[in-house]
Protein chains: 2
Amino acid sequence: MNKGAKSRGDTAIAEDRVGTTQLESAPEPKYWHLKTVLSEALDSDFAVGEILPNERELAARFGVARATLRQALDQLELEGRLQRRRGVGTTVAPPRVGVAVGTSQHDWPGAPGDTWQAGGCTSATPPAMVARLLGIEPGEEVNVVRRLRLTHGQPVAAELLYVPVGSVPDLPAIDSPSGPARARSVLRELQRLELDSQDRAVELGSARADDAKELDRLPGAPVLVVTTRYVAEGRTAAVSVATYRADTCRLTFGDSGNVEISHHPHERRAS
Amino acid sequence: MNKGAKSRGDTAIAEDRVGTTQLESAPEPKYWHLKTVLSEALDSDFAVGEILPNERELAARFGVARATLRQALDQLELEGRLQRRRGVGTTVAPPRVGVAVGTSQHDWPGAPGDTWQAGGCTSATPPAMVARLLGIEPGEEVNVVRRLRLTHGQPVAAELLYVPVGSVPDLPAIDSPSGPARARSVLRELQRLELDSQDRAVELGSARADDAKELDRLPGAPVLVVTTRYVAEGRTAAVSVATYRADTCRLTFGDSGNVEISHHPHERRAS
DNA sequence: AAGTGGTCTAGACCACTGT
DNA sequence: CAGTGGTCTAGACCACTTA
């Protein structure tokens, strides 16, 4: 488990010395202090994938209520330092994976190990905001392709691709088979178009129930919502709304997609 | 205040009918249900800028503990629907502002009303991760320019720009005046370089204490951290770490920066 | 069945904002 | 000063995973 060299008054969470641990008085909130202490312990005393003591235990060690401890863990999870799974425990998260979103080709496989997995294709009326981007009447039906993006086998994003019928004129009527087969043919037709440009926007959101399920997270988990407008032949050919796991992903843009950045210095693997 | 047309069993939060409001039994968590109800009420019954009943009052109306209500409000704030200020109250947030980050010119003022406000320039050793991006020894000192980005007068981002001495060779030694004056001259020197390319990454984080203060948020508030690597003359000339308010900002990339998108359909202003 | 994290309660006090 | 949101407590029960 590696005790490492701790500097200060040694607020040890990896040791057996329980109860003696006290938070010295501070003007700042306890959970903030706690987060800092835990963060340092994570750097020095724990390996990636290692499982932490359970919440009741940790709370007792630090002499705080479980709710307070959880506030600290919540933040660390938000920052991608921890991963919590109900019924299992809290583990030290690996550094975030860089996920390229700026590459021009629409279905590009991205870095090695990156895939889009076509889910299905239905017909539906897009949300008002998407309809506006597409420049169609709110209420007009469009093709909706559902895809899942995998990196190293792990799902990192769930996407809804809104494709107006006008963008894929050579396709049979919307009804027919609504499975992955149709999804793929819609994508194939789309890629025939020459892309003029793409606009992209990123914002913070919380996962809808369906997305959460596919991303293996609880509903409401923080996500990065990437909205992309694909412009071809002078008009908006499609709009994509992709929901990326905020805890595990670092979205990369630009010419050479700088992967290989690690935010957390001390990396070791759990035994 | 506008009562609007509510569809379902009328879970009214804007009315005087208190106490009668009950959450019907559901397999999903209360706070999730609550969030949905509040979200709909926000769309139909409230105007932007309007102030909501206080938390104790709302909790009572819905027959839940305050902590549970707060869990719902937390999510709505995360999604940018609400703004809470201690000592004041909870108000309905305006739609997120689109903030352009993809434009090529480094100090570009962006959309009308957009400014970078130079703060100061100190000398320091960058974090290990930045040092790696810059390709310098960890421990080597660089210029650190602090800037604040304003949109329509509101601060939206706090930036730290790391500039190795090698990138601005014509500048006097690092000591001299560490104020905004030096910051501006560093920026001026930087812009002399011809930019080859930029790599950019976006990830979720929580605001450090100093950034939080400048962004008028509490420490730990959710932020979007944009890390940019500026490449000039074949090497990394500078690295910028910009911290954007996640609640108020939608980061836009690409050719034409699609502003004017509103996620929230019914927009009215508070009286 | 035992152990984990997730939800929820009913209080309390604190820090900050306005008047 | 009164009123707001922010923090904190000490419990309880639930949903889920694993053995």
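Because the structure is predicted, anything quoted here is derived from the model rather than measured.
Looking only at distances, a side-chain donor or acceptor of B:Glu50 sits under 3.5 Å from a matching main-chain atom of B:Ala47. In terms of modelled atom types and a separation under 3.5 Å, the side chain of B:Arg96 and the main chain of B:Ala246 share a donor-acceptor contact. Using a distance-only test at 3.5 Å, with no hydrogens or angles considered, no donor-acceptor pair links the side chain of B:Arg66 to the main chain of B:Glu55. Put simply, the side chain of A:Arg217 never gets that close to the backbone of A:Val223: no donor and acceptor are under 3.5 Å apart.
Listed by chain and number, the residues in a side chain to side chain donor-acceptor pair (under 3.5 Å) with B:Asp210 are B:Arg208 (sequence neighbours excluded). A search for side chain to side chain donor-acceptor pair (under 3.5 Å) contacts involving A:Ser39 returns A:Arg81, not counting sequence neighbours. Scanning for salt bridge (Lys or Arg N to Asp or Glu O under 4.0 Å) contacts around B:Asp74 gives B:Arg84, with sequence neighbours left out.
For the contact set between residues 205-215 of chain B and DNA chain C, defined by any heavy atom under 4.0 Å, there are no members.
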**OP:** List the protein contact pattern of nucleotides 1-10 of chain C with one symbol per nucleotide (5' to 3'): B for base contact, S for sugar-phosphate-only contact, - for none; contact means a heavy-atom distance under 4.0 Å.
**Re:** --BBBBBSB-
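Residues A:Asp211 and A:Leu160 are not in side-chain contact: their nearest non-hydrogen atoms beyond the backbone lie 4.5 Å or more apart.
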Subject >> Dot-bracket summary - DNA chain C, pairs being Watson-Crick or G-U whose distances fall under 3.5 Å, with | when paired to another strand >> reply: |||||||||||||||||..
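Of all non-hydrogen atoms in B:Ala212 and B:Ala207, the two that sit nearest each other are CB-CB, 4.0 Å.
Side-chain contact of B:Glu79 with A:Ser206: a donor-acceptor pair under 3.5 Å is present, judged by distance alone.
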